[in-house]
Student: 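Would you mind keeping the following structure in view while I ask a few things?
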Amino acid sequence: MLQVNYIRENREKVLERLGVRNFKQPELVDEIIKLDEERRQTQTSLDNLSAIANANAKQVGELMRSGKKEEAEAIKAETTSNKEHIKTLSEQLNVAEQHLYNALVQLPNLPGELVPAGATPEENEVVLTHGAPAELHGKALPHWELTSKYDIIDFELGTKITGAGFPVYKGKGARLQRALINFFLDRATEQGYREMQVPLMINEASGFGTGQLPDKEGQMYHSTVDNLFLIPTAEVPVTNLYRDVILKEEELPVKNTAYTPCFRREAGSYGAHVRGLNRLHQFDKVELVQVVHPDKSYEVLEEMSAYVQSLLKDLGLHFRVLRLCGGDMGFTSAMTYDMEVWSAAQQRWLEVSSVSNFESFQTNRLKLRFKGNGGKTQLAHTLNGSALALPRIVAAILENYQTEDGIIIPEVLVKYTGFDRID
RNA sequence: GGAGGGAUGCCUGAGUGGCCGAAAGGAACAGUUUGCUAAACUGUCGUACUGGCAACGGUACCGAGGGUUCGAAUCCCUCUUCCUCCGCCA
């Protein structure tokens, strides 16, 4: 959520940046400015009336103490009518704040300076490409055939237990997945991230904090009796650890990592693009979250991007890095890099990581601030990134490392898996 | 699930209707003293909204939301949460 003060003082700039995003309702900006004006007027009137009421109450107390009962009664009578006004004004204030809030939450984050304008994924900018497509033997298979050939992931069995999109990992498939999780967590720890284990269910306040609520509740599984949601990403619980927190400046940057399963309802389409591991309702992911000084957030974005790339290099995968255009970025992001690995058998790029700088968009809602020595408290910046999302990495490994007589395990993983091939 | 007791500022903790945005101590920060460290002393020391060029004001907040009252940290109701005991249980 953007800060009202900023919108009020930078109207032109806000409109210009929203243009980069191809935002469809620029009129919202002026509406917000108008609603804010109403809110402030109401606030001022209410404050003035309250000041009178407070002064009167104080006077009554003094009069009572000095025994001047009649004078006290007179003031009491006066205040009664004042109270009515205060009540209606504070109701008006609530309404005004609600209207302002409702409008504010509809405004997406402003794209950073480097973000290319654009509306569709075709307008994303390819920042770099690393490696070359793996050379496969003639009978190369897509991963959903490899998984059944070697009996390592069972989609039908998951359907029996739950439904489509909930695979069962078996034997070496399960161990490969666990190996990757451990590899990612160990590497993150080496990079200075603190490993966390967090709840997999979140309440409404947490959903609001990171921007899943309002409006995007449809993407999450909802336990209605308890009003709790299954997490769509570890970003939600890990970032919300710092909701309503004022950090000391020297505590920055805060670097946390967490492995969690993630749950996404997303209305399923069918076909090759969502086949096999390409899109699931439940999947595993190791996530990185940083809370940083506002001056550092773009530097840290580059650092996180480089780190994610190093993982892909270690796994020997052919990948590319995209800087998303304004229209393809998430609602809360100011700048996003997507990492995509080449799926040799499917002949297409698969997104395996998304690294974003949210600037103060989340921290404004979270009330996550920091305070320097003698300095003013101000909003921190947050960033996060997947490092990495498991299923498509597994898919890419299976497809790119397949040979006629088995799948070779990338060397860095062997000490985690305990075996060097699946056959 | 049952019974009881709590929730106050960075921390500990006082405060049962007005003089309380809140005592006291500690921590932290700044300064004085000091050969250095320590100690001592002095000062600063919540957040947000809002008025004002500023100086300096106003308002709200003592877990959250309602209520009683001229006036609520203090009384009443609901909720959340923590602790103790009992029951159940991975």
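All of these numbers come straight from a predicted model, not from anything done at the bench. Residue numbers start from 1 in every chain, and the chains themselves are labelled A, B, ... in the order their sequence lines are given, proteins ahead of strands.
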Student: Output yes when K34(A) and D30(A) qualify as a salt bridge under the 4.0 Å nitrogen-oxygen rule, no when they do not.
Tutor: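 D30(A) and K34(A): not salt-bridged.
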Student: Which distance, rounded to the nearest 0.5 Å, do you find between the CD of E303(A) and the NZ of K255(A)?
Tutor: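 So the gap between those two atoms works out to 5.0 Å.
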Student: Look at atom NZ of K58(A) and say whether more than 12 heavy atoms of other residues, nucleotides or ligands are closer to it than 6.0 Å.
Tutor: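 No, not enclosed.
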Student: State whether the side chain of H281(A) and the backbone N or O of R265(A) hold a donor-acceptor pair below 3.5 Å, judged by distance alone.
Tutor: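 The answer is yes, because a donor-acceptor pair under 3.5 Å joins these two groups.
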Student: On a whole-Å scale, what distance lies between the C1' atoms belonging to U68(B) and U12(B)?
Tutor: 34 Å
Student: Within a reach of under 6.0 Å around NZ of K170(A), are more than 12 heavy atoms found that belong to other residues, nucleotides or ligands?
Tutor: yes
Student: Which word best sums up how the rings of Y221(A) and F263(A) line up, parallel for under 30°, tilted for 30 to 60°, or perpendicular for over 60°?
Tutor: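 Perpendicular.
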Student: Give me the distance, rounded to whole Å, that separates A60(B) from A24(B) when you measure between the C1' atoms they each carry.
Tutor: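 These two C1' atoms come out 26 Å apart once rounded.
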Student: Expressed in angstrom and rounded to an integer, what is the separation of L46(A) atom CG from A60(B) atom C1'?
Tutor: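 Computing the L46(A):CG to A60(B):C1' distance gives 9 Å.
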Student: CD1/I32(A) to CD/E27(A) distance, rounded to the nearest 0.5 angstrom?
Tutor: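 It is 10.5 Å, given to the nearest 0.5 Å.
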Student: In whole angstroms, how far is the P atom of A27(B) from the CD atom of E250(A)?
Tutor: 18 Å
Student: What is the distance, rounded to the nearest whole Å, between atom CD of E73(A) and atom P of C70(B)?
Tutor: 9 Å
Student: L49(A) has an atom CG; how far is it from atom P of C70(B), in whole Å?
Tutor: 17 Å
Student: Using whole Å, report how far CD of E251(A) lies from C1' of C10(B).
Tutor: 11 Å
Student: Strictly distance-based, threshold 3.5 Å: is any side-chain N or O of N109(A) a donor or acceptor partner for the main-chain N or O of T332(A)?
Tutor: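 Such a contact is found between N109(A) side chain and T332(A) backbone.
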Student: Out of curiosity, R21(A) CZ to M329(A) CE, how far, rounded to the nearest 0.5 Å?
Tutor: 4.0 Å
Student: Report the relative orientation of the aromatic rings in F183(A) and Y416(A); use parallel for angles under 30°, tilted for 30 to 60°, perpendicular for over 60°.
Tutor: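 Perpendicular: the ring planes of F183(A) and Y416(A) meet at over 60°.
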Student: Provide the distance between the two C1' atoms, one in U80(B) and one in A28(B), to the nearest whole Å.
Tutor: 32 Å
Student: For U81(B) versus C89(B), give the span between their C1' atoms, rounded off to a whole number of Å.
Tutor: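 So the two C1' atoms sit 22 Å from each other.
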Student: Among T257(A), D314(A), N182(A), which residue meets the side-chain hydrogen bond (donor to acceptor under 3.5 Å, both in side chains) test with R187(A)?
Tutor: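 Answer to the side-chain hydrogen bond (donor to acceptor under 3.5 Å, both in side chains) test with R187(A) among T257(A), D314(A), N182(A): D314(A).
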Student: Using the C1' atom as the point on both nucleotides, what is the distance between C62(B) and C75(B), in whole Å?
Tutor: 16 Å
Student: Taking only Lys NZ, Arg NE, NH1 and NH2, and the carboxylate oxygens of Asp or Glu, determine whether E84(A) and K87(A) approach each other closer than 4.0 Å.
Tutor: no
Student: Looking at residues at least two apart in the chain, or sitting in another chain, which of them share a side chain to side chain contact (heavy atoms under 4.5 Å, CB included) with T239(A)?
Tutor: T210(A), E235(A), V289(A), Q362(A), L366(A), T382(A)
Student: For G43(B) and U33(B), measure between their C1' atoms and round to the nearest Å.
Tutor: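 About 15 Å, rounded to a whole number of Å.
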Student: Are K172(A) and Y150(A) in a cation-pi contact, defined as NZ or CZ under 6.0 Å from the six-membered ring centre and within 45° of the axis?
Tutor: no
Student: Expected output check: what is the dot-bracket annotation of RNA chain B, where ( ) and [ ] are pairs inside the strand (brackets for crossing ones), | is paired with another strand, and pairs are Watson-Crick or G-U under 3.5 Å?
Tutor: ((((((((.[[[..)..(.....]]].(((((.......))))).((((((....)))))).[[[[[..)....]]]]])))))))....
Student: Of all of residues 50-59 of chain A, which get a heavy atom below 4.0 angstrom from RNA chain B, listed by number?
Tutor: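 Correct list: S50(A), A51(A), N54(A), A57(A).
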Student: Work out how far the P atom of U34(B) is from that of U59(B), and round it to whole angstrom.
Tutor: 46 Å
Student: Between I86(A) (CD1) and C70(B) (P), how many Å, whole number?
Tutor: 13 Å
Student: Can you pull every protein N or O that's under 3.5 Å from an N or O on nucleotides 72-75 of chain B?
Tutor:
none

Student: For E97(A), is there any backbone N or O sitting under 3.5 Å from a side-chain donor or acceptor partner on R39(A)?
Tutor: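 Not at all, since once roles are kept as given, no pair shorter than 3.5 Å links the two residues.
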Student: Of N48(A) and K248(A), whose closest RNA chain B nucleotide lies nearer the 5' terminus?
Tutor: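 On the 5' side of the pair lies K248(A).
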Student: If we take the P atom in both U8(B) and A73(B), what is their distance in whole Å?
Tutor: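 Going atom to atom, P in each nucleotide, I get 16 Å.
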Student: Please write out each protein N/O paired with an N/O of nucleotides 64-69 of chain B under 3.5 Å, distance rounded to 0.1 Å.
Tutor:
none

Student: Looking only at atom types and distance, does a side-chain atom of R323(A) sit under 3.5 Å from a main-chain N or O of M335(A), one as donor and one as acceptor?
Tutor: no
Student: Take nucleotides 45-56 of chain B nucleotide by nucleotide from the 5' end and write B, S or -, depending on whether a protein heavy atom sits under 4.0 Å from the base, only from the sugar-phosphate, or from neither.
Tutor: -SSSSSS-----
Student: Would you say the side-chain atoms of Q177(A) pair up with the backbone N or O of A174(A), donor to acceptor, closer than 3.5 Å?
Tutor: no
Student: Write down the distance between CD (E204(A)) and C1' (C79(B)), rounded to a whole number of angstrom.
Tutor: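 Checked: the CD to C1' distance equals 14 Å.
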